[in-house]
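Worksheet: one structure, shown below.
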2 protein chains.
Amino acid sequence: MRNKTTVSQAISRELLKMIEHGKFPPGSKLPSEMELAAHFGVSRIPIREALSVLRAAGVITSRQGGGSYVEENAATSLLHHIRIEQDDADIIKHLFEMRKILEPEAAYLAALRRTPEQLQQMRNALKRLEIECNDEEKTGQKADIEFHSSIIQATQNPIMIQMMENLSALYERALKITLKPNLKLKQRRKAALKEHRNILSAIEMEEPELARIQSAIHLKNAEKKLSLLL
Amino acid sequence: MRNKTTVSQAISRELLKMIEHGKFPPGSKLPSEMELAAHFGVSRIPIREALSVLRAAGVITSRQGGGSYVEENAATSLLHHIRIEQDDADIIKHLFEMRKILEPEAAYLAALRRTPEQLQQMRNALKRLEIECNDEEKTGQKADIEFHSSIIQATQNPIMIQMMENLSALYERALKITLKPNLKLKQRRKAALKEHRNILSAIEMEEPELARIQSAIHLKNAEKKLSLLL
DNA sequence: ATCATAAAATTTGTATTACAAGCTACTATT
DNA sequence: AATAGTAGCTTGTAATACAAATTTTATGAT
């Protein structure tokens, strides 16, 4: 089932290694595609696909007719992204630590900047959360995600939005992997709901500091529950 | 000087947008390269280059003969599709806002967890910063980056490290694009150096709260300077 | 000799055709 | 009906060609 690595992928990694190793220092010009093709003993196609990856990652830039150049500050982020192997309980703690840092600040910003529409979105999500809370069948997880997501959106900061989106996705995936089919989350649901209401009302009242504190409290309690499950 | 976007880059963005929009839900199979080529009215080459970017970003996987499929967890790439267009001076403010949130917390964690080696790394970076500060030629930017980076490393949190790495890369690139060269950053260098020393000494003394405060002060002052340049 | 301009040579971007390697689905044989 | 085999897609790579943009060289004027 393993994905065999293709020539273009191998070349992409190889070129990146060369760049990181200083073989092509920042600002320098790469050999032409023809030269690279000759050097690796392949056609231009795998070379171009490898270069397009490095280009998308911000490692190089290319100008038609001009050649490809190594960026001054090569952000190699694309290639070594965080992968969650099997049950790594440590990673969950690290992910949660980032949530504890980011979410209270997001609540703070949301209290400052939320539009009426975004406020309504939070109210709707909370309402659904209340309904599902009483339903033994539903987990309410989706509404929960939506509530938190609407707060993030209200920060109006695209970087925050992007970071939290990725962080949440990683967190949920990590939880799903490590926590087997699960366990009653019910006993804390009522309490969590109240915490959510507190956050929302702080945002409604446009009280950023309070929103930050309420969010921090919520996360602190969630962490307690989490530590029991690990 | 403006980098004209190529067909393959446009298609890469377009496909990503379609995937994010749910046109191709997670787990689903993409049309074949021939079909995509016909749909976009281009040859296979730009299609393949676009797909290779999405593949490298972890958005899709491809098997020879089998086709390309949307990954289940398509959001694992941290921050990638944030494009810095030139007229976005706003993005710098958003990026800086995230720095103000993350860096003081990183300093806090670093004060708790730094190893002796990491402490030494910070001292070395600071020393180089002091030397370059007196040299009119050097900008000291590299040492500055190294100092901050070593603090991030000391948090021992891989998620934090990854996020800050991406954030810094974006920030530097954005600065370089919007702020044309030049501009003397010198007048604040002495003051900034002192702030750096304060952060380091708090981390040395293992006083997390103090480290957080010192980092926040440093960023607050840096923000003042930044707002003058925008 | 120097500088401006035009032509030539490179180099990236895309198209076309071709084929190998691997996967899918259908068919035929039992 | 189950299984093996085959035909047909689909991705991966090659080779060639040409357009578009850039860099280098050559040319010409002053």
Side-chain angles (χ1 to χ4, degrees), chain A residues 1-16 18-19 23-24 26-72 74 79, chain B residues 1-16 18-19 23-72 74 83 86:
Chain A
M1 202 63 175
R2 187 132 205 91
N3 253 345
K4 194 162 62 171
T5 71
T6 66
V7 173
S8 67
Q9 286 167 346
I11 289 179
S12 173
R13 273 200 294 277
E14 190 61 31
L15 282 175
L16 181 61
M18 285 167 132
I19 290 171
K23 177 113 189 188
F24 302 117
S28 69
K29 182 174 168 177
L30 289 182
S32 72
E33 294 175 358
M34 287 266 291
E35 288 173 305
L36 288 173
H39 176 264
F40 286 107
V42 297
S43 76
R44 267 182 77 200
I45 289 195
I47 299 292
R48 281 191 60 76
E49 289 175 8
L51 291 180
S52 71
V53 168
L54 298 182
R55 200 157 40 231
V59 177
I60 66 172
T61 57
S62 310
R63 289 193 315 282
Q64 184 171 191
S68 295
Y69 291 80
V70 179
E71 272 289 321
E72 292 295 343
L79 301 181
Chain B
M1 198 61 177
R2 176 184 179 66
N3 252 344
K4 195 161 61 171
T5 71
T6 66
V7 174
S8 68
Q9 285 167 347
I11 289 178
S12 174
R13 274 201 293 274
E14 190 61 31
L15 283 175
L16 182 61
M18 285 167 132
I19 290 171
K23 178 116 191 185
F24 302 118
S28 69
K29 182 175 168 177
L30 289 181
S32 73
E33 294 173 358
M34 287 268 291
E35 288 173 305
L36 288 173
H39 176 264
F40 286 107
V42 298
S43 76
R44 267 182 77 200
I45 288 196
I47 299 291
R48 282 190 61 77
E49 289 175 8
L51 291 180
S52 72
V53 168
L54 298 182
R55 200 158 37 234
V59 177
I60 66 172
T61 56
S62 311
R63 290 192 312 283
Q64 184 172 200
S68 295
Y69 292 80
V70 178
E71 273 289 323
E72 294 292 345
R83 304 242 174 261
Q86 40 274 20

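All values reported here derive from a predicted model rather than from experimental measurement. Residue numbering restarts at 1 for every chain, and letters A, B, ... go by the order of the sequence lines.
- Between R44(A) and the phosphate of dA14(D), there is no side-chain N or O to OP1/OP2 separation shorter than 4.0 Å.
- With rounding to whole Å, E49(B) atom CD is found 13 Å from dG12(D) atom P.
- The side chain of P46(B) lies closest to dA15(C) when the candidates are dA15(D), dA21(C), dA15(C).
- Both T6(A) and G66(A) sit near DNA chain D, but only T6(A) has its closest nucleotide nearer the 5' end.
- We find that CE of M34(A) is positioned 10 Å from P of dT12(C), with the value rounded to whole Å.
- Residue R63(B) has a polar side-chain atom (N or O) positioned under 4.0 Å from OP1 or OP2 of dT24(C).
- Across dG13(C), dA14(D), dA15(C), the shortest atom-to-atom separation from the side chain of R55(A) is found for dG13(C).
- Distance, Q64(B) CD to dA14(D) P: 12 Å, rounded to whole Å.
- Rounded to whole angstrom, the span from the CD1 atom of I47(B) across to the P atom of dT11(D) amounts to 11 Å.
- Checking dA20(C), dT13(D), dA21(D) against the side-chain heavy atoms of R48(B) singles out dT13(D) as nearest.
- One finds the CZ atom of R13(A) at 9.5 Å from the OG atom of S8(A) (value rounded to the nearest 0.5 Å).
- To the nearest angstrom, P of dT13(D) lies 16 Å from CG of L36(A).
- The distance from atom CE of M18(B) to atom CZ of F24(B), rounded to the nearest 0.5 Å, is 5.0 Å.
- Taking atom CD1 of residue I11(B) and atom C1' of nucleotide dT14(C), one finds them 11 Å apart after rounding to whole Å.
- In this structure, E33(A) places its CD atom 11 Å from P of dT14(C), rounding to the nearest Å.
- Annotation: M34(B), atom CE; neighbour count of heavy atoms from other residues, nucleotides and ligands within 6.0 Å does not exceed 12.
- Note: OH (Y69(B)) to P (dT11(D)) measures 9 Å, nearest angstrom.
- For the atom pair H39(B) NE2 and E14(B) CD, the distance stands at 8.5 Å (nearest 0.5 Å).
- Considering only the side chain of S68(B), dT11(D) comes nearest among dT11(D), dT14(C), dA14(D).
- Atom CG of residue L30(A) and atom NZ of residue K23(A) lie 12.0 Å apart, to the nearest 0.5 angstrom.
- Along DNA chain D, the nucleotide nearest L51(B) and the nucleotide nearest G41(A) are compared for position; the residue whose nucleotide lies closer to the 5' end is L51(B).
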